[in-house]
Every structure is written in C-alpha cells, then in structure tokens.
There are 4 protein chains.
Amino acid sequence: MARITSEAKETSRQRLLEEAAAHFARDGFDRANINSIAIAAGFAKGTIYNYFTSKEELFGEVLTMACRRAVTRYAGSPHGNSVRDRLAALVAADVDVLREQEPFMKVLIREAMGFRPDTYPIIVEHLAPFLDVLIEVLATGVEAGEIRNDRPPAQLALLFVGTLTMLYVQYWGSGGAWPTLEELPELALATFLDGAGT
Amino acid sequence: MARITSEAKETSRQRLLEEAAAHFARDGFDRANINSIAIAAGFAKGTIYNYFTSKEELFGEVLTMACRRAVTRYAGSPHGNSVRDRLAALVAADVDVLREQEPFMKVLIREAMGFRPDTYPIIVEHLAPFLDVLIEVLATGVEAGEIRNDRPPAQLALLFVGTLTMLYVQYWGSGGAWPTLEELPELALATFLDGAGT
Amino acid sequence: MARITSEAKETSRQRLLEEAAAHFARDGFDRANINSIAIAAGFAKGTIYNYFTSKEELFGEVLTMACRRAVTRYAGSPHGNSVRDRLAALVAADVDVLREQEPFMKVLIREAMGFRPDTYPIIVEHLAPFLDVLIEVLATGVEAGEIRNDRPPAQLALLFVGTLTMLYVQYWGSGGAWPTLEELPELALATFLDGAGT
Amino acid sequence: MARITSEAKETSRQRLLEEAAAHFARDGFDRANINSIAIAAGFAKGTIYNYFTSKEELFGEVLTMACRRAVTRYAGSPHGNSVRDRLAALVAADVDVLREQEPFMKVLIREAMGFRPDTYPIIVEHLAPFLDVLIEVLATGVEAGEIRNDRPPAQLALLFVGTLTMLYVQYWGSGGAWPTLEELPELALATFLDGAGT
DNA sequence: CATGAATGAGAATTCATTCAT
DNA sequence: AATGAATGAATTCTCATTCAT
C-alpha cells in the first residue's frame with residue numbers, strides 16, 4: 001500500500017475518528033478502549049498509532065472535530081428576520097447536526113460537563129466562534145427591543161447555550177422520551193425567550 | 001460497648017464517604033484512587049474494604065448520600081406565598097446545600113451527565129421525591145395562574161431542575177466567575193420564569 | 001502482612017535488587033524484563049512497583065548499590081607500606097568484591113561502557129570517592145619517587161581504573177579463561193606499574 | 001545495465017550501513033530504530049528489508065564491516081624499525097581509522113563490552129587477523145629483547161588491545177576532554193610499554 | 001478493625017516485520 | 001526496488017482487591 005495513499009489514508013483516519021467518537025460518547029474517555037476502537041474501525045490496535053500519537057491526542061482530535069462540526073451549523077443562518085426566527089434557525093441547524101453527528105456531540109457535551117483541565121480549554125477555544133455568532137444575534141435583538149436589556153449579550157448567549165445543552169442532556173437521559181428531537185427546537189426557544197411564568 | 005463501637009464505625013464510614021466524595025468530584029470515578037481516598041481519610045488502603053465491598057459500591061453510596069442530602073433542602077420550604085417566593089426559597093435552600101456539600105453535589109451532577117446505565121437509575125430513583133415537591137409547587141402555580149398551563153407540571157419541573165443544573169455547571173466551569181453563588185438563585189428564577197424576551 | 005514489616009520489606013527489596021542485578025548484568029538494561037526479574041525474585045510482576053517506581057529507578061538503585069559496594073573495598077586499605085603494596089591491597093579487595101557481587105560489578109562496568117547520558121552521571125558521582133582514594137595513594141607514590149611524575153595523579157588514577165576494568169572485561173569475555181581471578185591482581189599491578197617493555 | 005543496477009544497489013547498501021553504524025553507535029542495538037535509520041539514509045522503512053533480512057543481520061553486517069575496516073589499519077604497517085616504532089605506527093593508523101570511522105569503531109567497542117553470546121563470536125572471529133599481526137610484532141620484540149619475555153605474546157597482544165580500548169572509552173566517556181585523540185597514541189605506548197612505576 | 005505487601009488482570013504504547021501496490 | 005499502511009507480539013506500568021498478621 002503506497003503511492004495512491006493520501007485519500008485512502010484520510011478515509012482510514014475518518015473511520016477511526018468515527019469509531020472513537022462512538023466509543024468516547026458511550027464509555028467516556030477513561031473507559032473507552034483503544035483496542036476496541038481500532039477493532040471497531042476494522043484495524044489492529046497498533047494501526048491507531050499510525051494516525052494519532054496517543055489516546056489523548058485521539059480524544060483531542062475527536063473533540064476538535066466535534067467542535068468544528070458543531071460550529072458549521074451557524075454558517076448559513078438567516079440574517080434578515082426577527083431574533084426569534086434567527087435563533088429558531090440556529091437551533092434547527094444545531095439539531096440537524098446532532099442527528100447526524102450524535103456521537104461527536106455527545107462527546108462534546110459529556111466532556112464539557114467533566115471540568116477536566118486538559119480538555120476544557122479545547123472546548124472553550126473551539127466554541128468561541130459559535131458563541132460569537134450567538135452574541136451578535138442577541139445584541140441585535142437587544143437593540144431591536146426583542147431581547148431584555150438587563151443582561152449583557154455574552155451572558156445571555158451562555159444561558160442560551162446552557163438551555164440547549166440541558167435539553168440535549170434530558171433527551172439523552174430519558175432515552176429520547178422527552179423531549180423528542182422534533183419538539184426540542186421549539187421547546188428551547190420557548191424556554192429561553194418566554195419563560196414559564198405568565 | 002457495642003454502641004460505642006458502632007458509633008465509631010459510623011464516624012469512620014462518614015469520613016470515608018466525605019473523602020470519597022471529594023475525590024470523585026475532583027477526579028471522576030475512573031481516575032479517583034481508592035488508596036488516596038483511604039489515606040485522605042486517615043486510613044490504609046485495605047480499611048475501605050471493611051466498609052464497602054468495592055469501588056463501585058463506595059461510589060454508589062456517595063451518590064445515594066448526595067441525593068439524600070440534596071433532597072433535604074426541601075424539608076423546610078415555605079408553603080404560603082406565591083410560587084415565585086416558594087421557588088426562590090427552594091433554590092436558596094438548594095444553593096445552601098451546594099455550599100456545604102459541594103463535592104457531593106458535584107459528583108451527583110457530573111454523574112448525571114454521564115448517562116451511565118449503572119448509575120443513572122440510582123440518580124433518578126433518589127431524585128424522585130425532590131421532583132415531586134417541585135411538581136406540587138408548580139401545579140399549584142398553574143392553578144393560581146402564575147405558571148403557564150401549556151405544559152404538564154412534570155415537564156416544567158424537569159426544565160427547572162435543568163436550568164438550575166446548567167447554572168451550577170457554568171458556575172463550576174467558569175471557576176466561580178459567572179454566575180457567582182450569590183446571584184445564582186435570582187438568575188435561576190428570572191431565567192426560568194421570565195425568559196429573555198420582552 | 002503488616003506491622004512486623006520493615007525488616008521483611010527490606011529483605012524483599014534486597015531480593016529484588018539481587019535478581020535485578022543478575023538480569024541487568026546478563027541482558028543489559030533494555031533486554032532485561034521486569035516481569036522476569038519479579039518472578040525470579042519470587043514475586044508477581046506488580047510487586048516490583050511497590051519498591052521501585054519504574055524500571056529506570058530500579059536500574060539506578062542497582063547501579064547505586066553496585067557503586068556503594070565497589071567503594072567499600074577501599075575502607076580498610078593499608079596505609080603504611082609501599083605504593084605497590086597499597087595498590088595490591090586495593091586490587092585484592094576489589095577482586096574480592098567482584099567475586100561476591102559479580103552481577104553488580106558487571107552492571108556497573110557494562111553501563112560505564114555504554115556512554116548513556118542518563119546513567120553516566122550516576123556512575124561518575126558514585127565513583128568519585130573511589131577515585132579520590134586512588135589519587136591520594138598515587139600522589140603519595142609520586143612524592144616517594146615510586147611513581148613517575150610526568151602525569152598528574154588524577155590521570156594516573158584513571159589509567160589504573162581503566163587497566164583494571166579492561167582486565168575484568170577480558171576475564172568475562174574469555175569466560176574466565178584468561179586472566180583468571182587469581183592471577184588478575186598481580187597482572188594488573190605489573191601492567192600498570194612495570195609495562196611490557198624492558 | 002545489470003552492473004549499473006548492482007552498483008547502485010551497493011551504494012544504497014553502503015548508505016544504509018553508514019547510517020546504521022551511526023545509530024547503533026549512538027543508541028545501542030535495542031534503542032536504535034529501523035525506521036530512523038532508513039529515513040536517515042534517505043529511504044523508507046521497508047527498503048531496509050530489501051538489503052538485510054532483519055535488524056540482527058543489519059547489526060551483524062555493521063559489526064563485520066567495523067571489524068574489516070579496523071583490520072585494514074595494519075595493512076601498511078612498517079616492518080623494519082623497532083617494536084616501539086612499529087607499535088606507534090599501528091596505533092597511529094588505528095586512530096586514523098577511528099577518526100574516519102568513529103561510529104563503526106564505537107559499535108565495535110560498545111558491543112565487545114556487552115558480552116553477548118550472539119555477537120561476541122563475530123567480533124572474536126573478525127579480530128583474529130588483527131591480533132595475529134600484533135602477536136607477530138610483539139614476538140619479534142621479545143626476540144629482540146625489547147619486550148619482556150615473562151608472558152606469551154598472545155597475552156601481551158590482548159593487553160595492548162585492552163589498553164588501547166580503555167583509552168578510547170575514556171576518550172568517549174570524557175567527551176573528548178582526556179585523552180584527546182592527538183595525545184592518545186603516545187599515551188597508549190607509554191602506558192603499555194613503560195608503566196607508571198619508576 | 002486496621003494494615004499494607006502481594007497479586008494479576010488490564011491498558012497503553014512501541015516497533016520490527018510484512019506485503020500489496 | 002521502493003513504499004508506508006497494517007500488524008500484533010511484547011513490554012511497562014496501574015490499581016482494585018485480597019488476606020495474613
């Protein structure tokens with residue numbers, strides 16, 4: 001195997017990342033097993049080290065990729081409409097990513113909750129562009145009078161991300177029973193914008 | 001004599017549970033180290049096995065205790081006032097528990113985010129009474145017209161717990177920068193009841 | 001097993017060091033096998049890590065002990081006689097140590113020839129007192145006119161150690177055929193002091 | 001065409017041997033890395049196996065070549081003069097080889113000190129002609145009364161080789177500080193022929 | 001009850017070697 | 001001939017658990 005490599009190698013790398021994401025999502029970093037990941041990807045255990053120098057690096061790459069994919073959801077977000085519509089579009093896009101990349105998203109969220117000093121910076125770094133978009137949308141909303149102006153947009157953005165995350169966690173924790181992925185976007189908006197009070 | 005002995009034993013057990021909570025909170029289940037926990041509690045490695053049959057069981061006991069303590073926060077909650085006031089009292093009590101039992105709470109939340117089939121049932125089971133109180137308060141609020149009636153109180157309760165949890169996570173994740181524990185109760189209420197919209 | 005430990009533990013440690021020396025002597029650092037050493041000492045592989053934190057440390061301890069033992073040979077060296085007699089006594093003592101601690105000496109010499117940056121300093125450090133004695137003896141000899149004064153005693157000491165080492169190497173290399181341990185001391189003296197010329 | 005090809009092949013083989021020598025000299029057999037050797041020689045890992053069947057064989061070839069080169073130093077040694085002069089010429093030639101082929105010489109000496117049953121015979125076998133020349137010179141010296149006759153020339157030859165080797169080791173061990181390559185030949189002769197006594 | 005030495009299953013990692021291209 | 005992806009045996013090290021004292 002040589003020469004025609006580069007594409008093939010990239011494919012193998014993707015296969016490994018895919019399986020690694022699935023295993024990290026299911027088992028967490030410590031319980032995930034390098035050997036099992038390799039086998040699941042159709043390789044022997046040594047092969048993984050032709051692509052990643054260590055379990056940590058592999059995890060970091062999965063995380064990086066998860067962040068990257070999560071961020072792309074904002075790429076085509078509409079600009080013209082109301083803040084509610086724009087947020088709705090963002091959440092809809094986000095849930096689509098979740099559907100397609102569930103293991104990666106799960107790793108991301110699971111790890112974000114772990115408070116581990118070696119992974120937290122990775123997440124923060126990669127989530128920054130994501131938050132920036134959100135902040136911009138919310139700041140626009142504040143100017144337009146659609147969003148309450150008693151908090152800085154940066155804090156509002158964190159609350160929004162937190163709300164979304166919490167709903168994902170409940171989705172996973174309930175085994176998909178409630179909320180379902182279908183109702184999740186509307187629920188997120190209502191929870192964040194309207195509150196439960198009358 | 002028997003009583004003194006068993007009291008002493010209970011004290012030792014508590015010491016072990018405290019230290020175990022601290023370690024599990026800081027390191028997570030897999031990275032926590034039985035030896036370190038024993039040492040920190042002033043015992044040798046082997047002694048832990050006079051109190052708990054395995055690391056898993058120790059963890060389960062920590063979790064159980066965390067749930068039990070968390071639930072006690074509702075014991076003396078006021079009954080007469082508005083839903084907002086009652087929720088405020090609940091959150092205040094909760095944050096007090098958090099302050100005093102931070103490691104236990106951290107273990108609880110951390111584990112709740114892990115979706116692990118062997119620990120999730122424990123959490124759900126122990127959180128049930130906690131949720132019941134909340135559901136009752138919210139149901140009252142719906143009847144009184146203080147809470148929107150477009151969702152079942154059980155779902156509202158989950159949303160409320162989720163909101164609170166998310167704020168704790170951001171508190172820990174930010175190293176206590178935002179939100180602070182002082183502003184957290186008011187923030188939780190505002191977020192849950194009022195929403196960010198105008 | 002507890003309480004009466006300390007002596008027993010020291011015994012176990014010695015057993016491990018003894019076997020480690022034998023294995024390092026025979027196989028060298030890289031080919032020596034932690035598992036085999038433990039087994040040979042009558043332990044399971046994990047046990048070695050109750051005594052030494054790593055293979056490197058174990059090796060360092062073996063080396064340190066080899067140096068310590070080697071140096072003791074000079075403890076009772078006679079002071080009154082001629083330089084030749086004093087050197088003879090030193091060599092005789094040295095060969096005695098070799099006989100009793102062959103694996104340790106072999107590790108020492110083998111490693112000294114390996115020029116490895118992580119072990120060379122250990123050897124140099126531990127050999128210093130050893131060289132100091134030698135330098136003192138030779139300096140005395142120079143003053144007494146028994147030793148040529150065209151080289152600093154420090155260099156002469158290195159030449160002497162080198163000569164001795166070289167004879168040990170030939171002893172081991174020849175499988176004990178030539179020189180034998182019996183004739184080695186006299187041979188060392190004659191080689192170092194008299195030379196091969198007429 | 002065949003010849004050009006085989007010449008090219010021979011060149012590649014030489015390149016590999018040179019790099020292998022450098023790596024074995026620096027890192028020792030076990031720590032030397034097939035991949036690094038190949039890369040350093042401008043090839044990929046696999047290519048080495050077109051020239052040598054295994055790491056062991058490669059090492060054996062390096063050793064063989066080191067011996068072969070070491071032996072050539074005696075080819076043009078002068079015959080007419082005194083033993084001292086002839087030895088001086090031999091050592092001078094030897095040091096020249098050392099200068100030019102340092103890695104090979106280092107491998108040779110390093111390995112000779114290792115007492116390994118699979119490599120020792122190779123060394124002995126290849127050093128035989130080398131020793132024969134030396135024995136002849138020394139035997140002549142004994143007859144001429146220049147060399148003491150209380151030891152067989154074969155033993156004297158071993159002592160001489162040992163003295164030289166020891167000085168090389170000290171040269172490398174001291175990082176070239178003492179002895180320097182310039183003073184080494186004279187030092188070897190003085191040490192071997194004259195001794196340190198008066 | 002407490003101790004801590006001993007255990008050994010399990011996991012990550014290395015690297016010489018193979019072989020399809 | 002050259003390549004380099006794939007392999008898997010081998011090795012070090014960790015740590016929960018046991019048990020004799």
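Owing to the predicted nature of the structure, the values given are computational and were not obtained by experimental measurement. Computed over heavy atoms, backbone and side chain alike; hydrogens, waters and symmetry mates excluded.
Each of D/G46 and C/G46 was matched to the nucleotide of DNA chain F holding its nearest heavy atom; the match closer to the 5' end belongs to D/G46. Take the nearest nucleotide of DNA chain E for D/T53 and for D/R31: the residue whose nucleotide is more 5' is D/R31. When each of D/Y49 and B/S12 is assigned the nucleotide of DNA chain E with its nearest heavy atom, B/S12 is the one assigned upstream, toward the 5' end. Taking for each of D/T47 and A/R15 the nucleotide of DNA chain F with the nearest heavy atom, the 5'-most of the two is the partner of D/T47.
Remark: A/K9 is positioned above the aromatic ring of A/Y51, its terminal NZ or CZ atom under 6.0 angstrom from the ring centre and at most 45 degrees off the axis.
Atom-to-atom, CG of C/N33 to P of F/dA9 comes out at 17 Å; the value is rounded to the nearest Å. Taking atom CG on D/N35 and atom P on F/dT3, their separation rounds to 12 Å, with Å as the unit. When rounded to the nearest whole Å, the span between CG of B/D30 and P of E/dA11 equals 11 Å. If you measure from atom CZ of A/F59 to atom P of E/dA12, you get 14 Å, rounded to the nearest angstrom. Between B/F52 atom CZ and F/dT18 atom P the separation is 15 Å, expressed in whole Å. If you measure from atom CG of D/D27 to atom P of E/dT14, you get 16 Å, rounded to the nearest angstrom. A straight line from NE2 of C/H23 to C1' of F/dT11 spans 15 Å, rounded to a whole angstrom. Residue C/I34 contributes atom CD1, which lies 10 Å from atom C1' of F/dT11 at whole-angstrom precision.
Nucleotides F/dT21 and E/dC1 place their C1' atoms 13 Å apart, quoted to the nearest Å.
The aromatic rings of A/F29 and A/F59 stand perpendicular to each other, their planes meeting at an angle above 60°, with 30° marking the opposite boundary.
Here the side chains of B/E61 and B/R13 are in contact, with some heavy-atom distance below 4.5 Å. Contact of the A/K55 side chain with the A/F24 side chain is registered, since non-hydrogen atoms from C-beta on lie closer than 4.5 Å. Looking only at side-chain heavy atoms (C-beta outward), A/I34 and A/L58 come within less than 4.5 Å of each other. With contacts defined as side-chain heavy-atom distances shorter than 4.5 Å, the pair A/D27/A/N33 does not qualify.
At the heavy-atom level, C/Y51 lies under 4.0 Å from the strands shown only through sugar-phosphate atoms. Within the nucleic acid shown, D/K45 comes within 4.0 Å of at least one base atom, counting heavy atoms only. Here B/A32 lies in heavy-atom contact (under 4.0 Å) with sugar-phosphate atoms only. C/F43 comes within 4.0 angstrom of sugar-phosphate atoms only, judged by non-hydrogen atoms across all strands, and of no base.
Each of F/dT11, F/dT17, F/dC13 was ranked by its minimum atom distance to the side chain of B/K55; first place goes to F/dT17.
Pairing of F/dT21, defined by two Watson-Crick or G-U wobble distances under 3.5 Å, is identified with E/dA2. Base-pair partner of F/dT11: E/dA12 (Watson-Crick or G-U wobble, both distances under 3.5 Å).
You won't find any donor-acceptor pair under 3.5 Å spanning the side chain of C/N50 and the base of E/dA5, going by distance alone.
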